[in-house]
Amino acid sequence: MNINSIFQFFVPKDKKFFPFFEQATSNLILMATTLHEVVNLPVAERNDLFQKIEELEQIGEDIARQINLELSSNFITPFDREDIYSLSTAIDNIAGNIHGASNRMKLYQVDKITKSIRKLTEINLEACHQIDIAVRELRNLKKIKNITDACAKINKLENKSDTVYDKAVADLFENETDAKNIIKYKEVLSTLETAADKCKSAANVLESIAVKHS
């Protein structure tokens, strides 16, 4: 048994941080699912879902705030304080970019949804599911491989998002003649790709926690 395992044996079972993180990732999946639904609906049916994403983003911010409050008032934490803060920030950043993509679609009146936009929302949804899987393994840290496997999948998904984004932007510049359309579609694509980047950031934190406790 290594020193980390010995220390964890004496740490009281956490009753706040793990539930908060699990709530945050569940909320993240709801946001990513809703956005994926948005891009598969006719224009007239999107507004209620845009509003739902707005509300879910606020829920995510509230959870992040609660995590930070707990962090400031608890001396003993289930794993490094820096990792708790980094993971909370990474999850919040993913939510912020999913919300940002939704907001841009609505405000810029992106009526025609391209295959690339659909693909990027699909990639983000799968990455959010993998983050949720990894986060739920943090309670005991005995199944490290489940965490590292999920993180490896997230990294592959992020690489795929880069490829989809690069091709989409290239196609946009080659085929679109309206400068306004180029700007608004590139903004949406960029925000979706950034969401995938933030998923990778969350995976890096999760992998770091797994390594420290292996």
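Quick caveat, the model's predicted, so the values are computed rather than measured.
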In terms of hydrophobic clustering (I, L, V, M, F, W, Y; side-chain heavy atoms under 4.5 Å; direct or indirect links), are [X] and [Y] co-clustered?
{"X": "Tyr165", "Y": "Ile98", "answer": "yes"}
{"X": "Ile144", "Y": "Ile133", "answer": "no"}
{"X": "Ile29", "Y": "Ile67", "answer": "no"}
{"X": "Val110", "Y": "Leu120", "answer": "yes"}
{"X": "Leu28", "Y": "Ile59", "answer": "yes"}

Does a side-chain N-to-carboxylate-O contact under 4.0 Å join Glu126 and Lys153?
->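 Salt bridge absent between Glu126 and Lys153.
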[atom1]/[X] to [atom2]/[Y] distance, rounded to the nearest 0.5 angstrom?
{"X": "Phe17", "Y": "Arg81", "atom1": "CZ", "atom2": "CZ", "answer": "7.0 Å"}
{"X": "Asn204", "Y": "Ile209", "atom1": "CG", "atom2": "CD1", "answer": "11.0 Å"}
{"X": "Glu82", "Y": "Leu87", "atom1": "CD", "atom2": "CG", "answer": "13.0 Å"}
{"X": "Phe18", "Y": "Phe79", "atom1": "CZ", "atom2": "CZ", "answer": "5.5 Å"}
{"X": "Asp80", "Y": "Ser208", "atom1": "CG", "atom2": "OG", "answer": "7.5 Å"}
{"X": "Ile131", "Y": "Ser201", "atom1": "CD1", "atom2": "OG", "answer": "9.5 Å"}

Check whether any side-chain heavy atom of [X] sits under 4.5 Å from a side-chain heavy atom of [Y], and report yes or no.
{"X": "Gln58", "Y": "Glu54", "result": "no"}
{"X": "Lys106", "Y": "Ser102", "result": "no"}
{"X": "Leu138", "Y": "Leu206", "result": "yes"}
{"X": "Ser116", "Y": "Leu189", "result": "yes"}
{"X": "Glu37", "Y": "Thr33", "result": "yes"}
{"X": "His36", "Y": "Val39", "result": "yes"}
{"X": "Thr34", "Y": "Phe50", "result": "no"}
{"X": "Tyr185", "Y": "Ile117", "result": "yes"}

Run the side-chain donor-acceptor check on residues 156-164: report pairs under 3.5 Å with partners two or more places apart or on a different chain.
from   : atom 1 : to     : atom 2 : distance (Å)
Asn159 : ND2    : Asn155 : O      : 3.4
Ser161 : OG     : Glu158 : O      : 2.7
Thr163 : OG1    : Asn159 : O      : 3.3

Under 3.5 Å, which donor-acceptor pairs link side chains of residues 190-200 to any protein atom two or more places apart or in another chain?
from   : atom 1 : to     : atom 2 : distance (Å)
Thr191 : OG1    : Arg104 : NE     : 3.4
Thr191 : OG1    : Glu187 : O      : 2.8
Thr194 : OG1    : Ser190 : O      : 2.8

Sequence neighbours excluded, which residues qualify as side chain to side chain contact (heavy atoms under 4.5 Å, CB included) partners of Ala90?
->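 Applying side chain to side chain contact (heavy atoms under 4.5 Å, CB included) to Ala90 gives Ala202.
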Can you list the residues that meet the side chain to side chain contact (heavy atoms under 4.5 Å, CB included) rule with Leu41, with sequence neighbours excluded?
->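 Partners of Leu41 by the side chain to side chain contact (heavy atoms under 4.5 Å, CB included) criterion, ordered by chain and then number, come out as Glu45, Arg46, Leu49.
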Taking atom CG of Asp178 as the centre, report whether more than 12 heavy atoms of other residues, nucleotides or ligands fall under 6.0 Å from it.
->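 Buried by this count: over 12 neighbours within 6.0 Å.
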Closest contact, heavy atoms only, [X] versus [Y]:
{"X": "Ala101", "Y": "Leu35", "answer": "CB-CD2, 4.2 Å"}
{"X": "Ile147", "Y": "Ala134", "answer": "CG1-O, 3.8 Å"}
{"X": "Phe21", "Y": "Ile84", "answer": "CZ-O, 3.5 Å"}
{"X": "Cys151", "Y": "Glu207", "answer": "SG-N, 3.9 Å"}

With respect to Asp132, which candidate in Arg136, His129, Gln130 satisfies the side-chain hydrogen bond (donor to acceptor under 3.5 Å, both in side chains) definition?
->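 Between Asp132 and the candidates, side-chain hydrogen bond (donor to acceptor under 3.5 Å, both in side chains) is satisfied uniquely by Arg136.
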Of all residues at least two apart in sequence or in a different chain, which pass the salt bridge (Lys or Arg N to Asp or Glu O under 4.0 Å) check with Lys119?
->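 Checked Lys119 against salt bridge (Lys or Arg N to Asp or Glu O under 4.0 Å); matches are Glu122.
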Return the set of residues passing salt bridge (Lys or Arg N to Asp or Glu O under 4.0 Å) with Asp171 (not counting sequence neighbours), or none when no residue passes.
->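 Counting only residues at least two positions away or on another chain, Asp171 forms a salt bridge (Lys or Arg N to Asp or Glu O under 4.0 Å) with Lys167.
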Determine, stepwise, if the pair Lys52 / Met31 fulfils side chain to side chain contact (heavy atoms under 4.5 Å, CB included).
-> CA-CA 8 Å; Lys52 182 180 177 181; Met31 289 186 73; over 6 Å; no
Is there a side chain to side chain contact (heavy atoms under 4.5 Å, CB included) between Asn103 and Tyr108 once you walk through the steps?
-> CA-CA 8 Å; Asn103 222 24; Tyr108 300 167; over 6 Å; no
Apply the test side chain to side chain contact (heavy atoms under 4.5 Å, CB included) to residues Ile113 and Arg118: give CA-CA distance (whole Å), side-chain angles for both, the deciding distance (0.1 Å), then the verdict.
-> CA-CA 7 Å; Ile113 302 297; Arg118 286 195 183 92; 3.8 Å; yes
Residues Lys143, Glu137; criterion salt bridge (charged side-chain N to carboxylate O under 4.0 Å, His left out); working and verdict | CA-CA 7 Å; Lys143 298 178 181 177; Glu137 294 293 347; 5.3 Å; no
Just do the side chain to side chain contact (heavy atoms under 4.5 Å, CB included) check on Cys128 and Thr25 with the steps written out, would you?
-> CA-CA 7 Å; Cys128 289; Thr25 55; over 6 Å; no
Answer yes if the side chains of Asp62 and Gln66 hold a donor-acceptor pair under 3.5 Å, and no otherwise.
->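 No donor-acceptor contact under 3.5 Å links the two side chains.
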Checking Thr148 side chain against Lys145 main chain: does a donor-acceptor pair fall under 3.5 Å?
->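 Such a contact is found between Thr148 side chain and Lys145 backbone.
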